**Q** 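This is the structure I want to talk about, given as structure tokens.
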Amino acid sequence: MVVAPGGAAAPGEGGDQARVGEVPPEAAARGVVGTEKAVRWVWDDTGRWYPRLLADGVRVERCLDLRLAHRLLRGAAATAGSRLATTPSGPFDAAGAAEPDRVESLFDVATPQERPDEDALLAEIGAQDEAVADHPRLRLLLVAESAGALAAAEMRHTGLPWDRRVHDEVLAEQLGPRPTGDARPPRMAELAEQVRTELGAPRLNPDSLPDVLRELRRNGLPVTSTSKWELIGLDHPAVAPLLAYKKLSRLHSANGWAWLDRWVPDGRFRPEYVVGGVVTGRWGSSGGGALQLPKSIRRAVRADEGWCLVVADAAQLEPRVLAGLSHDERMAEAGRGRDLYQGMVDAGVVGSRDHAKLGMLGALYGGTTGQSAAVLPRINRAFPLAMAHVETAARAGERGEVVSTLLGRSSPLPGAQWNQVQADALDDEAGASAQSRARAQTRAWGRFTRNFVVQGTAAEWALCWIAEVRRRLWALGEQGDAGRAPEPFARRPHLVYFLHDELVIHAPQELADEVSAQVRDAAAAAGRLLFGDFPVDFPVSLASARSYADAKD
DNA sequence: GCAATAAGCGCG
DNA sequence: AAAGCGCGCTTATTGC
């Protein structure tokens, strides 16, 4: 029995009684944690406790995050009738600790987060246990999500190794030298001037969308917005510099010098991952745009001296997940031991890899137009089970019903406004516009639920993958005393980045091959965990290099 | 003068 | 050529 500081004791695998108590971090650091394999720490919020433990050099092997679990179970169709889901909202419905160490200011309007006391913790454990008693897959989801929370905290703790000098080089190459103050970087200033000249608008601010649109139209260009796709292909000398300006402007504002100073002060980028932050169960992020790092600056992600980055990408994850979900053996076969899209070409489903990809995305997203829709009938014929699966989800959504992922995360119900629009369309007085609005909205929700089951189950696969990788990496480093406080990861390979279907591991150079093998095996293990004996492959593309960009391409 | 919103674009 | 899903972030503009 081990207790979390201010949290609850773990109900051991053997079903011991849970107990609550306090363990000062120093005691934990002396070896309470991580040495007893069977221990699962149970606490209200990983983001609240784990950063402090990590700071004290303590690595936690397993946990149950009651807040994450609570939210999942409250929303899951399978546990809708449980005591947990039907009682009024309590402390576990509060938002997580966004900034665990933040000092609450006197002027905070929001009420301070309500902390569950010991009785509440025990009651919550009991209620959750009761809710999932007959739902082993939900139980798996809870521990997978909790493992994800541990990984997220650890990645923030160690940070993504970032070379400020390389980042500055990339910026200087594209934007010119860093300007002083608020001035536009040289290259942007030149392009702005070109745009003004070509449009005959000497005072135009290219950052003002309405002004740019007005000047484009004044020059006879038939555009309705200033978006890239409307501009591409227009025959006018202002278009090229304008597009170039927008590109640089994006880089400068989103990942320029200001970003670098703010988010990478010390050679490590430490984003906050928001586990389960997306409705589908994907992770979100907060601060620094961690999940939108443009490819052009990934050169700056560089391993320490003597270390490398192992970059792993789950190939065609979502189609493979759909094959597993729907038990579509022909689809699984197309992806066995090869690129799934190429497999579709080989099987004669489509004529080219591009068509395969386009059509598959249309199937997953509910595309109804263009080339994507044109390919759909062929996919429908080749993989009827897969298509039926997403179609069923879409129809359920159109009826306003809930759909669920493989492990049991459920989609939200459409909001009050959705119902209102539907009701309005049924009114005797309803006009054609009200009806078409309702129809469009119906289809939109169907596209959402269609994608939900696939994206959500893919997120579950990824959680299992990351949990398994995390476990194996730790085991890899077990020789010697490398894992002792004060810095558990200083001499071990460790996760540093996660992007939906992609992992980056910072590893000692000599372990690169071993790490790669473990990551690959972990993907296979995740597949078995979700889909059992159903023969669907989850191949991983792997590369190691000093820089993220080099490993990717 | 400040907060909310929209447009646009980066990622999967 | 984007479209069809899910996000976060910045800037300018709109609304109060």
Side-chain angles (χ1 to χ4, degrees), chain A residues 182 184 188 205-214 223-234 242-243 245-256 258-259 262-263 271-274 276-298 313-319 321-322 354 357-376 379 390-391 393-394 397 403 405 409 411-412 440 443-459 461-462 497-503 548 552:
Chain A
D182 297 338
R184 281 200 177 96
M188 281 175 67
N205 170 14
D207 293 322
S208 170
L209 302 179
D211 291 359
V212 170
L213 181 60
R214 181 163 36 77
V223 288
T224 60
S225 78
T226 66
S227 69
K228 195 163 61 177
W229 69 266
E230 266 211 80
L231 295 175
I232 287 173
L234 288 180
L242 180 55
L243 287 172
Y245 178 87
K246 286 158 75 83
K247 181 103 187 146
L248 294 187
S249 172
R250 164 82 194 188
L251 175 66
H252 180 239
S253 64
N255 296 100
W259 181 94
R262 165 130 195 238
W263 295 107
E272 187 201 342
Y273 292 101
V274 185
V278 177
V279 275
T280 57
R282 273 188 174 183
W283 292 11
S285 72
S286 162
L291 305 184
Q292 300 128 268
L293 293 179
K295 293 184 173 169
S296 63
I297 62 159
R298 293 185 184 182
D313 192 309
Q316 306 97 41
L317 176 59
E318 292 194 350
V321 161
L322 176 56
D354 281 351
K357 187 170 179 176
L358 214 62
M360 195 52 75
L361 290 180
L364 299 178
Y365 296 159
T368 54
T369 59
Q371 286 193 30
S372 160
V375 187
L376 279 178
I379 294 181
V390 288
E391 285 295 326
V403 297
T405 59
R409 188 189 306 268
S411 65
R443 293 198 182 122
W445 199 260
R447 288 193 299 273
F448 166 61
T449 53
R450 167 196 298 266
N451 187 246
F452 182 94
V453 295
V454 180
Q455 185 182 120
T457 306
W461 181 91
Y497 191 57
F498 174 58
L499 187 56
H500 308 313
D501 58 1
E502 187 173 327
L503 286 175
Y548 187 8
K552 272 301 274 184

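Chain naming here is simple, since letters A, B, ... match the order of the sequence lines and numbering starts at 1 in each. Quantities reported herein were computed from a predicted structural model and do not represent experimental measurements.
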**Q** Using a strict 4.0 Å threshold on nitrogen-to-oxygen distance, state whether A/Asp211 and A/Arg214 make a salt bridge.
**A**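 Here A/Asp211 pairs with A/Arg214 in a salt bridge, since their nearest N and O are under 4.0 Å apart.
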**Q** How close or far is atom P of B/dG12 from atom CH2 of A/Trp283, stated in whole angstroms?
**A** 17 Å
**Q** I want to confirm an ordering. Mapping A/Phe448 and A/Gly289 to their closest nucleotides on DNA chain C, which one lands closer to the 5' end?
**A**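 Mapping each residue to its closest nucleotide by heavy atoms, the 5'-most match is A/Phe448.
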**Q** Of the nucleotides C/dC5, C/dG6, C/dT13, which one has an atom closest to the side chain of A/Thr280?
**A** C/dG6
**Q** Side-chain contact test, heavy atoms from C-beta onward, threshold under 4.5 Å: evaluate it for A/Asn255 versus A/Trp263 and give yes or no.
**A**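 Of all side-chain heavy-atom pairs linking A/Trp263 with A/Asn255, none is under 4.5 Å.
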**Q** Side chain of A/Gln455, heavy atoms from C-beta onward: which of C/dT11, B/dG12, B/dC11 has the nearest atom to it?
**A**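 Taking heavy atoms from C-beta onward, the closest nucleotide is B/dG12.
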**Q** Please check the phosphate of C/dT13 (OP1 and OP2 only) for any side-chain N or O of A/Ser208 closer than 4.0 Å.
**A** yes
**Q** Measure the spacing between CG of A/Leu231 and CG of A/Leu243 and express it to the nearest 0.5 Å.
**A**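 Output value for this atom pair is 5.0 Å.
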**Q** Without decimals, in angstroms, what is the distance between A/Glu502 CD and C/dC7 P?
**A** 20 Å
**Q** Among C/dT13, C/dA2, C/dG8, which is the nearest nucleotide to the side chain of A/Trp229?
**A** C/dA2
**Q** Tell me the interatomic distance from A/Ile297, atom CD1, to C/dC9, atom P, rounded to whole angstroms.
**A** 14 Å
**Q** Within the 4.0 Å heavy-atom criterion, would you say A/Leu293 contacts the bases, only the backbone, or no part of the nucleic acid?
**A** sugar-phosphate
**Q** Whom does C/dG15 pair with, Watson-Crick or G-U wobble, provided both distances fall under 3.5 Å?
**A**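 C/dG15 is paired with B/dC2.
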**Q** Among B/dG10, C/dA3, B/dC11, find the nucleotide with the atom closest to the side chain of A/Lys295.
**A** B/dC11
**Q** Per the atom types in the model, does the base of C/dC5 pair as donor or acceptor with the side chain of A/Arg447 at under 3.5 Å?
**A** no
**Q** Where do A/Thr449 and A/Ser411 come nearest, in terms of heavy atoms and distance?
**A**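 Where A/Thr449 meets A/Ser411 most closely, the heavy atoms are CG2-OG, 4.2 Å.
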**Q** Consider the side chain of A/Lys228, meaning its heavy atoms from C-beta on, and name the nucleotide among C/dC7, B/dC9, B/dG8 that approaches it most closely.
**A** B/dC9
**Q** In whole angstrom, what separates A/Asp313's CG from B/dC11's P?
**A** 14 Å
**Q** Hey, does A/Gly287 reach any base, or is it just sugar-phosphate, or nothing, if we go heavy atoms under 4.0 Å?
**A**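 Sugar-phosphate, no base atom in range.
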**Q** Salt bridge or not between A/Lys246 and A/Glu230? Use side-chain N to carboxylate O under 4.0 Å.
**A** no
**Q** Categorize A/Gly288 for me: base, sugar-phosphate, or nothing, with a 4.0 angstrom heavy-atom threshold over every strand shown.
**A**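 Result for A/Gly288 = sugar-phosphate.
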**Q** With a non-hydrogen cut-off below 4.0 angstrom, is A/Leu499 in contact with a base, only sugar-phosphate, or nothing?
**A**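 Here A/Leu499 touches the backbone only, sparing every base.
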**Q** Checking contacts here: which listed nucleotide (B/dC9, C/dC7, B/dG10) is nearest the side-chain heavy atoms of A/Ser227?
**A** B/dC9
**Q** Contact class for A/Val454 vs. all strands (heavy atom < 4.0 Å): base, sugar-phosphate, or nothing?
**A**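 Nothing, no nucleic acid heavy atom in range.
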**Q** How many whole angstroms separate atom CG of A/Leu213 from atom P of B/dG8?
**A**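 Going from CG in A/Leu213 over to P in B/dG8 covers 8 Å.
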**Q** Quick check: any donor-acceptor pair below 3.5 Å linking the side-chain of A/Arg282 to the base of B/dG12?
**A**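 Indeed there is one.
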**Q** Report the distance from atom CG of A/Leu361 to atom P of C/dC5, rounded to the nearest whole Å.
**A** 12 Å
**Q** So if I take every side-chain heavy atom of A/Thr226 and compare against C/dG6, C/dA2, B/dG8, which nucleotide ends up nearest?
**A** B/dG8
**Q** Describe the nucleic acid contact of A/Arg443 in one word from base, sugar-phosphate, nothing, applying a heavy-atom distance below 4.0 Å.
**A**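 Nothing, no heavy atom under 4.0 Å.
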**Q** Return the minimal non-hydrogen interatomic distance between A/Thr405 and A/Phe452, and the atom names on each side.
**A**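 That closest heavy-atom pairing would be CG2-CE2, 3.8 Å.
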**Q** So which nucleotide does B/dG10 pair with, by the Watson-Crick or G-U wobble rule with both distances under 3.5 Å?
**A** C/dC7
**Q** In whole angstrom, what separates A/Leu317's CG from B/dG12's P?
**A** 13 Å
**Q** Do the rings of A/Tyr273 and A/Tyr497 sit parallel, tilted or perpendicular, given the 30° and 60° boundaries?
**A** tilted
**Q** So which atom in A/Val279 and which in A/Pro412 form the shortest heavy-atom distance, rounded to 0.1 Å?
**A** CG1-CG, 4.1 Å
**Q** State whether A/Lys246 places a side-chain N or O below 4.0 Å from either non-bridging phosphate oxygen (OP1 or OP2) of B/dC9.
**A**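 Answer is yes, contact under 4.0 Å.
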**Q** Any donor-acceptor pair under 3.5 Å joining the side chain of A/Gln292 to the base of C/dG8?
**A** yes
**Q** From the options B/dG10, B/dC11, C/dT11, select the nucleotide whose nearest atom is closest to the side chain of A/Asp207.
**A** C/dT11
**Q** From CE of A/Met360 over to C1' of C/dA3, roughly how many Å is that when rounded to an integer?
**A** 17 Å
**Q** Would C/dG4 be called syn or anti here, given the cut-off of 90° from 0?
**A** syn
**Q** Mapping A/Gly370 and A/Asn451 onto DNA chain C by nearest heavy atom, which one lands closer to the 5' end?
**A**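 In this pair, the answer is A/Gly370.
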**Q** Of the nucleotides B/dG8, C/dG8, C/dC7, which has the atom closest to the A/Leu209 side chain?
**A** B/dG8
**Q** Categorize A/Ser225 for me: base, sugar-phosphate, or nothing, with a 4.0 angstrom heavy-atom threshold over every strand shown.
**A**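 Touches sugar-phosphate only.
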**Q** From the set B/dC11, C/dA3, C/dG8, return the single nucleotide nearest to any side-chain atom of A/Thr369.
**A**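 Closest of the options to the side chain of A/Thr369: C/dA3.
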